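Working notes, beginning with the structure itself.
For ligands, and for the atoms within them, numbers begin at 1 and follow the listed sequence. Nothing here was measured: the structure is a model prediction, and the numbers come from that model.
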Amino acid sequence: MPKSFFPPQRTLMGPGPSDVSPRVLAALARPTIGHLDPAFIDLMDEIKVLLQYAFQTKNALTLPVSAPGSAGMEAVFANLLQAGDKVIVCQNGVFGGRMKENVERCGATAIMVQDDWGKPVDPDKLEEALRANPDALAVAFVHAETSTGVRSDAKALSALAHRYDCLAIVDAVTSLAGIELCVDDWGIDAVYSGTQKCLSCVPGLSPVSFSDRAVACIRKRRQRVQSWFLDMNLIMDYWGGDAKRSYHHTAPVNALYALHESLLMVQEEGLAAAWARHALHHKAFAVGIEALGLGFVVDASARLPQLNAVTVPTGINEAAVRAELLQAWNLEIGSGLGALAGKVWRIGLMGHTASQTNVLKCLTALGSTLQSMAAAVDTDAAVAAAKKIYQA
Ligand code: PLP
């Protein structure tokens, strides 16, 4: 006989979802109202303003798509591209590959600029591709590659795209609110994110933002957007700034209460403080990991603070470690994706999860689990090294 579901109390230190604060969960549980209720319309207006702050943009077309990050990705490509277009896609991990899929499913051509997994996108290679493809419409890349934990220079890559008269399309699913992201200053034309990473909201929404140049591109399309649900021309009538607000789909009302609360928390903390908090906890975590004798996939200069790809020591069964952490410590960490499957753990320090308590808990749990599997690691030294960063 099915019963009410009560999930175990985990600490979420994987690649997302991250821990959701009780404040956000409480917002989620407030009474549902209609998605065209005047009170809800006011909330939508506030969400837009809070999202503009999080993205650092004045873009009027800034809203949460009612579906996860992958839908934000599809929304961007489906609205901007038409059959026959050409897009330069920079790939240095799993999610650049998904961009390619999207481009091709729009009937457009993806010109691939490949970099090794764990390395940032190389601006010189991008420039070479831009020179060779003067007819390209856009450049697309992932700011924070969650499969490896590498950060690419979104400012430089967007500037390059503009120099060659291309739109800059950026995946900010893992970067938003975790590392610096300045949509307007960096000239990003279309950006999508997710709620389950550094915003520490419940999964299932995808904030997106389009520059005026991108909106102009959508408005002058020759072909209709293939996806009815993600067609921004239609969604704008619901999320638009004017009074008409016509029905498009039933918005996920309670999830939007949660998003509003999590964005409020970002604003209260301040973006610069949130970026600094992620950097601090990463620093403490990284010295602890190194004291355990473990390494990172990514060079310190390009490492994301919020996603740590840590190499699995030889002879250790990575899945058994994750299972033990979950079972004995209620601690979730992630496995490697694609080419890194079986070789790394992906350990997230995203949003509400990025705290001293969690850094010390993870080092203790990981160290003692490895010790129990006969690995020669010193857990006390790892915890002491991390504590030193906090005491500095
Ligand atoms: N892009 C990146 C960089 C991601 O990390 C993810 C998810 O982890 C996605 C896109 C897809 O987001 P979602 O799983 O919310 O659909």
Side-chain angles (χ1 to χ4, degrees), residues 12-20 51 54-55 63-78 89-103 105 110 115 117-121 140-154 157 168-179 181 188 190-209 227 229-230 252 255-256 258-259 262 278 297-298 302-309 332-341 344-351 353:
L12 299 179
M13 299 188 74
S18 58
D19 280 344
V20 179
L51 271 182
F55 276 129
L63 54 91
V65 171
S66 302
S70 305
M73 185 188 286
E74 292 225 21
V76 164
F77 288 105
V89 176
C90 306
Q91 182 176 14
N92 58 347
V94 167
F95 293 100
R98 290 210 188 160
M99 286 179 146
K100 174 176 190 276
E101 272 282 322
N102 272 275
V103 169
R105 283 170 190 244
D115 276 293
W117 285 42
K119 298 274 184 243
V121 172
F141 63 88
V142 179
H143 186 201
E145 204 10 289
T146 326
S147 57
T148 63
V150 75
R151 171 206 307 238
S152 288
D153 187 343
L157 298 172
I169 297 176
V170 180
D171 178 320
V173 171
T174 287
S175 60
L176 184 66
I179 52 170
L181 170 67
I188 294 170
V191 60
Y192 55 89
S193 188
T195 44
Q196 76 277 29
K197 312 268 186 186
C198 297
L199 292 179
S200 267
C201 185
V202 290
L205 295 169
S206 179
V208 297
S209 185
S227 162
F229 182 64
L230 296 174
L256 289 168
L259 176 60
S262 69
H278 284 87
V297 171
V298 177
R303 212 177 277 160
L304 291 171
Q306 65 272 48
L307 195 284
N308 300 272
E332 179 182 277
I333 64 169
S335 57
L337 277 186
L340 294 175
V344 302
W345 293 297
R346 289 182 304 145
I347 303 181
L349 284 168
M350 297 178 178
T353 302

Q: Measure the CE-OG1 distance between M350 and T146 for me, rounded to the nearest 0.5 Å.
A: 6.0 Å

Q: Looking only at protein heavy atoms, identify the closest one to atom 11 (C) of ligand 1 and say how far it is in Å.
A: S70 OG, 3.5 Å

Q: Could you grab the distance from atom CE of M99 to atom SG of C90, nearest 0.5 Å is fine?
A: 8.5 Å

Q. Using a heavy-atom cut-off of under 4.0 Å, does the side chain or the backbone of A144 touch ligand 1, or both, or neither?
A. backbone

Q) Roughly how far apart are L307 CG and C198 SG, rounded to 0.5 Å? A) 9.0 Å

(Q) Just by distance, no angles: are the side chains of S18 and S200 close enough, under 3.5 Å, to form a donor-acceptor pair? (A) yes

Q. Can an N or O of R98 be found at a distance shorter than 3.5 Å from an N or O of ligand 1?
A. no

Q: Note the single closest protein heavy atom to atom 14 (O) of ligand 1, along with its residue, its atom name and the distance in Å.
A: Q196 NE2, 3.8 Å

Q) For ligand 1, which atoms sit closer than 4.0 Å to a heavy atom of T174? A) 5 (O)

Q: Please examine the side chains of L340 and W117, heavy atoms only from C-beta on, and report whether any two atoms are closer than 4.5 Å.
A: yes

Q: Would you check, one step at a time, whether the test side-chain contact (heavy atoms from CB on, under 4.5 Å) holds for V298 with L304?
A: CA-CA 9 Å; V298 177; L304 291 171; over 6 Å; no

Q | NE2 on H143 to CZ on R151, rounded to 0.5 Å | A | 6.5 Å

Q: Measure the distance from atom 8 (O) of ligand 1 to every protein heavy atom, then report the residue, atom name and distance (to 0.1 Å) of the closest one.
A: K197 NZ, 2.6 Å

Q. Does any N or O atom in G69 lie less than 3.5 angstrom from one in ligand 1, N or O only?
A. yes

**Q.** Top protein contact for atom 1 (N) of ligand 1, by heavy-atom distance
**A.** D171 OD2, 2.6 Å

Q) Does H143 come within less than 4.0 angstrom of ligand 1, counting non-hydrogen atoms of the residue? A) no

**Q.** K119 NZ to E145 CD distance, which is reported to the nearest 0.5 Å
**A.** 14.5 Å

Q. So, is Y192 polar-close to ligand 1, with some N/O to N/O distance under 3.5 Å?
A. no

Q) Identify the closest protein heavy atom to atom 5 (O) of ligand 1: which residue and atom is it, and at what distance? A) T146 OG1, 2.4 Å

Q.
Please list the nearest protein heavy atom to atom 9 (C) of ligand 1 with its residue and the distance rounded to 0.1 Å.
A. F95 CE2, 3.5 Å

